[in-house]
Student: 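Have a look at the structure that comes next, please.
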Amino acid sequence: MAGLSDSYIGSITTYIMISHTKISLLAIAGLSLALSFGSCKPKTAGSAVASDAASKVYVAPGKYDEFYNFVSGGFSGQVAVYGLPSGRLLRVIPVFSVDPEKAWGYSEETKGMLNTSHGFVPWDDLHHPDLSQTNGEVDGRWLFANGNNTPRIARIDLKTFRTAEIIEIPNSAGNHSSAFVTPNTEYVVAGTRFSVPMDNTNGDVPINTYKKNFKGTVSFLSVDKSSGNMKIAFQILLPGVNFDLAHSGKGPSDGWFFFSCYNSEQANTLLEVNSTQKDKDFIMAINWKLAEQYLQQGKGVKQAVKYAHNTYDDNTHMSTSTMETEVTVLDAKSLPGLVYMIPCPKSPHGCDIDPSGEYIVGSGKLAALVPVFSFTKMQQAIASKNFDGEYEGLPVIKYEAALHGEVKKPGLGPLHTEFDEKGNAYTSFFVSSEIVKWRLKDLKVLDRVPTYYSIGHLHIPGGDSRKPFGKYMVAYNKITKDRYLPTGPELSQSAQLFDISGDKMQLLLDFPTIGEPHYAQSLPADLISKASVKFFKIEDNIHPYKTNGEGKAKVVREGNKVHVYATAIRSHFVPDNIEGVRLGDEVYFHVTNLEQDWDIPHGFAIKGADNGELLIMPGETSTLKWVPNRIGIFPIYCTDFCSALHQEMQGYVRVSPAGSNVPLTWGTGKKDTAAVAAR
Ligand code: RUQ
Ligand code: CUA
């Protein structure tokens with residue numbers, strides 16, 4: 001092994017210390033004795049690029065990519081949209097994090113989207129996007145994503161590439177095993193990572209009463225078929241373990257949902273050691289169709305909670321934030337047949353269901369094999385009560401009874417598995433930094449490729465649906481030492497595109513990503529592009545502060561609030577001269593973009609504002625709140641280069657002392673300021 005090999009192992013060791021998928025160093029040391037590190041580093045590393053790679057990823061100027069690729073931004077709180085196969089970054093969609101570029105969380109209309117029971121929360125940790133599905137196939141309507149930290153689920157509307165809805169999840173903390181959909185998007189599911197005392201109990205308890213007081217929940221959010229609006233249909237009360245990831249059943253297993261669970265030890269400190277004691281944790285299987293029946297029979301218990309539900313309307317161009325106060329809880333241990341546990345070695349992370357719906361793949365981070373469970377065998381085991389006792393009142397199915405088989409010695413640190421349409425699975429191995437292709441039928445390893453380095457997730461377009469488009473696969477890597485030009489102490493994370501159309505996986509392209517990518521989704525571009533909104537119809541705009549035309553522009557004082565009804569069109573604002581604003585006023589610039597043409601936003605900014613800009617889409621109204629803190633003249637201008645005379649798209653606001661008798665006047669196009677007259 002050359003020098004690269006040493007730095008590679010160095011990367012792994014460094015990363016283990018900081019990774020969210022913390023792997024016990026002791027356990028790694030043990031594993032690496034069994035499977036030497038050296039053997040995991042393919043000799044072709046660094047040069048393993050397909051010879052025709054350039055032509056396979058080249059999308060000529062003016063040509064479109066074949067796939068949209070939605071990639072989680074992790075701690076950026078956003079979703080990045082890339083084109084595949086080019087890897088070109090098309091857009092960053094702000095979801096849980098404020099984005100001054102797009103006024104997300106800065107305009108008055110969008111602030112409500114980030115409202116929670118804790119108040120305005122301008123950031124979150126976004127991990128797992130999942131596309132809406134119809135009949136188990138991606139349909140291009142919505143993208144769901146989870147916020148881990150202050151538990152939330154978002155729905156992004158793929159007509160506008162905007163976050164249309166965010167709902168907070170009560171009785172939850174570290175919303176990691178989310179956001180995954182059922183085959184007809186009946187539900188999007190959210191599972192808590194941390195178990196915690198329920199919201200309606202006194203949470204002021206000693207942490208070491210974990211086993212007694214801490215509980216887990218998973219939540220099923222129903223999704224309205226036409227509007228997409230979400231509602232927490234029910235929560236299931238579960239033992240106090242950590243729920244890590246999840247995926248829906250499909251085909252024969254439609255109606256079931258599967259979650260990986262770790263920390264079945266129920267440790268509350270030093271989990272690195274204390275939650276890795278047992279040989280096996282669990283895959284948890286939930287029969288959600290049965291949950292629906294239990295609900296109908298009135299078995300749900302209403303619980304007082306508090307959580308925010310925020311929606312954005314494309315006609316009012318405004319968000320509405322509602323504080324909800326109740327959730328219905330089903331107690332798993334008192335409802336027979338609702339939940340089963342399947343033992344799974346060891347601290348499972350990924351929980352992935354193959355396109356046929358028969359195979360359930362659990363990836364134990366510390367396991368030296370990948371277990372594959374059979375849905376048919378699981379059902380037989382349930383029917384014949386082939387159980388291995390109970391865990392916290394829930395039946396545990398015998399490991400062997402549900403097992404289809406084990407992928408032997410696949411690699412080190414298995415995390416996630418995706419599928420192609422030919423019966424193959426692709427598993428990412430964080431520690432040995434590779435992707436291993438294996439066959440579902442006989443669990444035979446078929447191929448392996450290195451990743452640079454320390455891969456987390458991987459994805460195949462449609463790879464968690466019934467219909468994968470198995471042409472490309474993308475690896476999302478945590479460490480990129482030596483791959484890109486240095487950028488200070490932090491290097492970019494990376495995506496690596498592989499061609500998987502043949503027997504061997506072939507590396508085609510590396511591209512840097514924003515934030516830290518976790519899961520990703522892709523779909524053929526035409527599923528979205530045809531329905532894409534080009535502008536908002538001005539006649540559909542029912543924003544209460546809309547300005548219907550330049551003649552309607554005005555400035556209205558209501559006490560210390562000054563409302564500016566303004567318009568923007570190439571290349572001026574009406575009004576662009578405003579006087580009579582006083583210190584102590586709150587000024588609201590409600591700017592309506594009168595354009596009716598694709599890709600002609602106008603921007604709006606004012607000097608000294610402790611706020612972002614506005615970026616107003618054609619036909620839309622947006623509001624910037626500004627509280628001047630000194631007297632003087634404050635320029636305003638358009639921030640988006642909209643025409644040859646963009647640089648002329650500007651104006652002034654005069655701020656006078658409190659109590660001044662400068663009259664409130666406004667206008668555009670008058671010969672001099674003194675002539676500006678109130679209309
Ligand atoms: S988790 S690797 Cu949310 Cu696997 Cu990211
Ligand atoms: Cu409007 Cu520049």
Side-chain angles (χ1 to χ4, degrees), residues 15 18-23 71-77 124-130 145-149 174-180 190-191 193 242-247 259-260 262 347-352 362-365 413-418 427-431 433 435 451 453-459 464 474-479 493-495 513 515-520 566-574 576 591-595 597 599-605 613-618 620 622 636-651:
Y15 192 72
I18 56 167
S19 166
H20 78 296
T21 49
K22 247 190 195 151
I23 296 176
V71 184
S72 108
F75 46 69
S76 83
D124 217 305
D125 183 18
L126 186 155
H127 274 223
H128 313 124
D130 210 23
N146 63 326
N148 268 317
N149 183 54
N175 175 36
H176 193 263
S177 43
S178 324
F180 298 100
R193 165 187 171 177
N242 289 42
F243 297 98
D244 208 7
L245 281 147
H247 260 111
F259 293 81
S260 53
Y262 66 103
S347 305
H349 186 57
C351 179
D352 300 293
S363 298
K365 302 186 287 281
L415 289 187
H416 297 282
T417 301
E418 287 266 290
T427 302
S428 59
F429 289 85
F430 174 81
V431 177
S433 219
I435 297 173
T451 56
Y453 305 95
S454 303
I455 179 175
H457 274 274
L458 77 177
H459 107 282
D464 71 341
V474 189
Y476 297 98
N477 306 314
K478 311 294 190 186
I479 302 279
Q493 278 81 8
S494 86
T513 58
E516 186 195 18
H518 293 264
Y519 199 34
T567 61
I569 195 163
R570 280 164 287 181
S571 299
H572 56 273
F573 294 106
V574 178
D576 68 2
V591 186
T592 300
N593 179 349
L594 296 174
E595 307 279 354
D597 194 0
D599 199 24
I600 309 290
H602 290 286
F604 179 87
E613 62 161 354
L614 293 177
L615 193 63
I616 314 136
M617 297 304 122
E620 185 180 54
S622 290
I636 58 172
Y637 73 102
C638 171
T639 53
D640 185 312
F641 208 106
C642 50
S643 73
L645 296 172
H646 152 81
Q647 208 66 353
E648 281 67 24
M649 195 165 174
Q650 66 168 53

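In each ligand, atom 1 is the first atom listed, and ligand 1 is the first ligand listed. This structure is a prediction, so every number in the text was calculated from the model and none was measured. Residues take their numbers from the sequence shown, with the count starting at 1.
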Student: Using the benzene-type ring in the case of Trp, are the ring centres of His457 and His128 under 6.0 Å apart?
Tutor: yes
Student: Which of the numbered atoms in ligand 1 are below 4.0 angstrom from a heavy atom of Gly456?
Tutor: 2 (S)
Student: By atom name, which N, O or S atom of His518 is the nearest to atom 5 (Cu) of ligand 1?
Tutor: ND1
Student: As a test of understanding, state which of Asp244, Asn242, Asp352 forms a side chain to side chain contact (heavy atoms under 4.5 Å, CB included) with Ser260.
Tutor: Asp244
Student: Measure the spacing between CZ of Phe75 and NE2 of His127 and express it to the nearest 0.5 Å.
Tutor: 9.0 Å
Student: Please state the angle at atom 1 (Cu) of ligand 2 spanned by SD of Met649 and SG of Cys638: what is it, rounded to 10 degrees?
Tutor: 110°
Student: Taking Ser177 for the side chain and Leu245 for the main chain, is one N or O donor matched with an acceptor at less than 3.5 Å?
Tutor: no
Student: With a 4.0 Å heavy-atom cut-off (strictly under), which part of Lys478 contacts ligand 1: side chain, backbone, both or neither?
Tutor: side chain
Student: Are Phe573 and Phe604 near enough that their ring centres are under 6.0 Å apart?
Tutor: yes
Student: Main chain of Asn149, side chain of Asp124: is a donor-acceptor contact present, judged purely on distance under 3.5 Å?
Tutor: yes
Student: Numbering the atoms of ligand 1 from 1, which are under 4.0 Å from a heavy atom of His349?
Tutor: 1 (S), 4 (Cu)
Student: List ligand 1 atoms under 4.0 Å from His176, heavy atoms only on the residue side.
Tutor: 1 (S), 3 (Cu)
Student: Heavy-atom contacts with His128 under 4.0 Å: which atoms of ligand 1 show up? List them by number with element.
Tutor: 1 (S), 3 (Cu)
Student: Please give the atom name: the N, O or S atom of His646 nearest to atom 2 (Cu) of ligand 2.
Tutor: ND1
Student: Strictly distance-based, threshold 3.5 Å: is any side-chain N or O of Thr513 a donor or acceptor partner for the main-chain N or O of Ala495?
Tutor: no
Student: For N/O/S atoms only: which one belongs to His602 and is nearest atom 1 (Cu) of ligand 2?
Tutor: ND1
Student: If I consider every N, O or S atom in Asp640, which one ends up closest to atom 2 (Cu) of ligand 2? I only need its name.
Tutor: O
Student: Against heavy atoms of His416, which atoms of ligand 1 measure under 4.0 Å?
Tutor: 1 (S), 2 (S), 4 (Cu)
Student: Look only at the side chain of His176 and the backbone of Asn148, and say whether a donor-acceptor pair between them is shorter than 3.5 Å.
Tutor: no
